[in-house]
S.K.: 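Take this structure first; my questions come after.
Below, chains carry the letters A, B, ... as their sequence lines are ordered, and counting in each starts from 1.
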Amino acid sequence: MPIHNHDIAAIFEQVADLLEIENANPFRVRAYRNAARTVDSLSQSLADLVARGEDLSELSGIGKDLACKIKEIVATGGLQLLAELEARTPPELAEMMKIAGLGAKRVHLLHEKLGIKTARDLQEAALTGKIKEIKGFGEKIEEQIKAGLGGITTEEKRFKLSTVEPVAQALLGYLKGAPGVKEAIVAGSYRRRKETVGDLDILVTCGHSQAVMEAFVNYEDVEKVLAQGDTKSAVVLRSGLQVDLRVVPEESYGAALHYFTGSKAHNIAIRHLGVKKGLKINEYGVFEGENRVAGKTEAEVFEMVDLPYIEPELRENRGEVEAAPKGRLPKLITLEAIKGDLHAHTKATDGHNTLEEMANAAEDRGYEYLAITNHSKRVSMAHGLNAADLAAEIAEIDRLNSKLKGLVVLKAIELDILADGALDLPDEILQDLDLTVCSVHYNLNLSRDQQTERIIRAMDNPHFNILAHPTGRLINKRDPYEVDLERLLAAAKERGCFMELDAQPDRLDLADIYCKLAKDMGVKISIDTDAHSIRDLAFMRYGIDQARRGWLEPGDVLNTRPLKELRKLLQRS
DNA sequence: GCCGTTTTCGGCCCGACTGTTTTCAGTCG
């Protein structure tokens with residue numbers, strides 16, 4: 001079983017939790033949490049890096065000690081330190097920290113004073129009223145614990161960006177209508193356009209904050225008020241989505257927007273630059289001693305630490321803070337740069353619109369081209385096309401193209417990559433196409449090596465152009481299949497193939513960190529909607545969001561090319 | 001445990017709200 005970066009990050013998080021409960025040096029705890037974050041957002045596999053003998057202490061937040069620990073985890077699957085911690089401190093205590101109101105200190109006290117080791121112990125203590133008798137605890141905290149115990153096993157709930165968007169926009173509209181509100185904006189991971197959002201952070205400037213806070217907690221969709229103060233309130237909506245509202249003075253708007261947009265790691269890096277220049281940076285501004293020297297706009301904040309403006313999508317502390325002063329920030333792709341969509345279905349298989357309807361909708365979007373990529377025969381569930389069906393579709397597209405003025409429909413197909421790496425239609429028919437997208441739909445459970453080799457074998461076919469939804473993941477539903485993306489990218493580069501960024505909000509596949517890896521390795525990405533209806537063509541903007549998070553510029557993207565140039569790029573060999 | 005054009009030792013981002021308190025610790029983001 002290969003060790004994933006995610007597994008290593010989880011072990012470091014667990015170590016951090018247990019150390020914190022043991023009241024260890026808080027900076028040591030932070031070091032483990034920082035390392036977990038670094039490891040989790042790395043696009044290359046640590047197991048591979050270890051195998052290649054690379055120096056892991058080059059990674060930010062990883063020193064000599066943690067580099068050794070990573071090697072230990074890769075070699076043994078576990079960590080001696082964690083085993084020792086778990087022998088001293090019951091691991092279930094770490095789970096308890098997920099209960100609202102319980103942190104490391106209180107969990108430690110529960111263990112020390114009442115001998116609580118498990119969630120069951122905790123429940124019993126809460127029900128028999130023992131908890132409120134501990135000094136520092138009370139009635140309310142005991143109630144919070146009782147209420148929180150039910151949710152202890154559920155995983156951290158994150159909502160898809162596309163799910164949250166209408167909720168956020170409705171609430172934002174409501175708040176903009178509240179008395180005295182001047183500016184209102186959603187910050188946080190929503191503004192960074194992360195594929196999933198844990199909660200909403202809304203920032204408001206206004207005359208009198210109390211009226212806004214009142215309006216906020218009385219919003220019709222609010223189920224529970226978690227906190228209500230003069231400058232900060234928090235609620236849970238009926239959907240379970242938590243929303244935090246912050247009110248700041250106008251002169252602090254930029255600093256607050258920067259602060260609440262995050263990410264946390266980015267903010268820490270920026271503050272670190274501030275500290276070096278003798279500046280204090282917080283949500284109210286940039287301060288030199290007592291004097292506010294900046295804060296009205298975000299650009300001012302960056303300027304104070306000698307940086308150009310950094311786009312929200314880049315603020316993950318994945319190199320943007322280092323790249324910015326060197327003038328090496330990417331000029332991120334925008335929706336307007338897209339000249340066409342290279343993955344779309346029609347009624348001929350599992351789409352909902354006809355060829356002509358799809359073409360007209362694409363033309364309405366101002367596209368130069370649209371590739372029709374219906375499923376091939378192996379995907380029988382979607383009534384995949386056989387060679388004769390495809391021949392008929394090609395003829396139909398030719399007829400349509402002779403009528404169309406502003407748009408060219410490209411003759412294409414979404415081929416299934418069979419378990420042995422063969423493509424599921426004969427080469428004779430494929431040579432009549434403008435391009436192919438190829439994807440894995442079945443046998444998702446192969447080993448990492450087998451899956452990688454299967455796909456590379458498919459790329460060996462000269463008709464293979466674009467690997468569609470390259471990891472097969474469905475956000476919050478299905479993990480990516482095991483595959484060595486770095487090898488796939490190297491193979492694609494060698495053969496003149498491309499990777500898709502599938503813009504379906506359920507997929508967003510490739511993920512941001514792999515888009516950046518592809519860019520770094522010189523493999524172009526095709527941002528496609530995989531549309532099954534004319535409405536789905538609008539998913540392109542989610543793909544753009546993800547591409548921007550992956551540092552992609554127009555030049556890194558295949559379908560920013562005019563048709564003539566696109567055709568040239570699709571010619572292999 | 002990490003990190004270094006002030007440092008290889010001594011720093012490490014910062015503020016709001018809540019609950020249990022009589023001035024503050026803990027939690028959270």
S.K.: Could you tell me whether K132(A) sits above the aromatic face of F137(A), with NZ or CZ closer than 6.0 angstrom to the six-membered ring centre and within 45 degrees of the axis?
M.R.: no
S.K.: Within less than 4.0 Å of OP1 or OP2 of dG15(B), is there a side-chain N or O belonging to N282(A)?
M.R.: yes
S.K.: Please state the C1' separation for the pair dG29(B) and dT22(B) - nearest whole angstrom.
M.R.: 28 Å
S.K.: With sugar-phosphate meaning primed atoms plus P, OP1 and OP2, does D201(A) contact a base, only sugar-phosphate, or nothing at under 4.0 Å between heavy atoms?
M.R.: sugar-phosphate
S.K.: Answer yes when E20(A) and R33(A) have at least one side-chain N-carboxylate O distance shorter than 4.0 Å, and no when they do not.
M.R.: yes
S.K.: Could R246(A) and D201(A) be called an ion pair, given the rule that one side-chain N must be under 4.0 Å from one carboxylate O?
M.R.: no
S.K.: With a 4.0 Å cutoff (strictly under), does any side-chain N or O of T231(A) reach OP1 or OP2 of dG15(B)?
M.R.: no
S.K.: Would you measure the distance from the P atom in dG1(B) across to the matching atom in dT5(B) and give it in whole Å?
M.R.: 23 Å
S.K.: Does dG26(B) have OP1 or OP2 under 4.0 Å away from a side-chain N or O of K105(A)?
M.R.: yes
S.K.: Parallel, tilted or perpendicular: which fits the ring planes of Y309(A) and F302(A), with parallel below 30° and perpendicular above 60°?
M.R.: perpendicular
S.K.: Applying the salt bridge (Lys or Arg N to Asp or Glu O under 4.0 Å) test to R191(A), which of E311(A), E313(A), E298(A) qualifies?
M.R.: E298(A)
S.K.: With the threshold set at under 4.0 Å for non-hydrogen atoms, list the residues of residues 283-313 of chain A touching DNA chain B in residue-number order.
M.R.: E283(A), Y284(A)
S.K.: Within the pair R28(A) and dG1(B), is there a side-chain N or O less than 4.0 Å away from OP1 or OP2?
M.R.: yes
S.K.: If you restrict it to nitrogen or oxygen atoms, what contacts under 3.5 Å exist between nucleotides 18-22 of chain B and the protein, and what is each distance?
M.R.:
residue, atom, partner, partner atom, Å
dT18(B), OP1, Q228(A), N, 2.8
dT20(B), OP1, G138(A), N, 3.0
dT20(B), OP1, G138(A), O, 3.3
dT20(B), OP1, E139(A), N, 3.2
dT20(B), OP1, K140(A), N, 3.3

S.K.: Checking base pairs now: Watson-Crick or wobble, both atom distances under 3.5 Å. What partners dT8(B)?
M.R.: none
S.K.: I want to verify a distance call: between dG1(B), dC14(B), dG29(B), whose nearest atom is closest to the K280(A) side chain?
M.R.: dC14(B)
S.K.: Check every strand shown and say whether I270(A) touches a base, only sugar-phosphate, or nothing at a heavy-atom separation below 4.0 Å.
M.R.: nothing
S.K.: Could you go step by step and tell me if L226(A) and V235(A) meet the side chain to side chain contact (heavy atoms under 4.5 Å, CB included) rule?
M.R.: CA-CA 5 Å; L226(A) 297 174; V235(A) 302; over 6 Å; no
S.K.: For dT7(B) and dG11(B), measure between their P atoms and round to the nearest Å.
M.R.: 14 Å
S.K.: Starting at atom CD1 of I268(A), determine the distance to atom P of dG29(B), rounded to an integer number of angstrom.
M.R.: 15 Å
S.K.: Just one of K519(A), R549(A), R193(A), R192(A) clears the salt bridge (Lys or Arg N to Asp or Glu O under 4.0 Å) bar with D512(A), so which one?
M.R.: R549(A)
S.K.: Given dG1(B), is OP1 or OP2 found less than 4.0 Å from the side-chain N or O atoms of K69(A)?
M.R.: yes
S.K.: Between the side chains of Y32(A) and E13(A), is a donor N or O closer than 3.5 angstrom to an acceptor N or O?
M.R.: no
S.K.: Taking the side chain from H469(A) and the backbone from D502(A), do they hold a donor-acceptor pair closer than 3.5 Å?
M.R.: no
S.K.: Using atom C1' of each nucleotide, how far apart are dT8(B) and dC12(B) to the nearest Å?
M.R.: 16 Å
S.K.: Regarding dG15(B), can its base be found pairing with the side chain of Y259(A) as donor and acceptor, where the two atoms are less than 3.5 Å apart?
M.R.: no
S.K.: Any chance the side chains of D509(A) and T471(A) put a donor and an acceptor closer than 3.5 Å?
M.R.: yes
S.K.: For A67(A) and R246(A), take the nucleotide of DNA chain B holding the closest heavy atom to each; which residue's nucleotide lies nearer the 5' end?
M.R.: A67(A)
S.K.: Rounding to the closest angstrom, what is the interatomic distance between dT21(B) and dG26(B) at atom C1'?
M.R.: 12 Å
S.K.: Which whole number of Å gives the distance between the C1' atom of dC28(B) and that of dC13(B)?
M.R.: 14 Å
S.K.: Taking side chain as C-beta onward, heavy atoms only, is V74(A) less than 4.5 Å from L49(A)?
M.R.: no
S.K.: Can you find an N or O donor on one side and an acceptor on the other, under 3.5 Å apart, linking the side chain of D199(A) with the base of dG29(B)?
M.R.: no
S.K.: If I pick the C1' atom on dC9(B) and the same atom on dC14(B), what distance separates them, to the nearest angstrom?
M.R.: 24 Å
S.K.: Send over the distance from K277(A) NZ to dT6(B) C1', rounded to a whole Å.
M.R.: 16 Å
S.K.: Need to verify one output field. Residue with the more 5' nearest nucleotide on DNA chain B, L102(A) or G63(A)?
M.R.: G63(A)
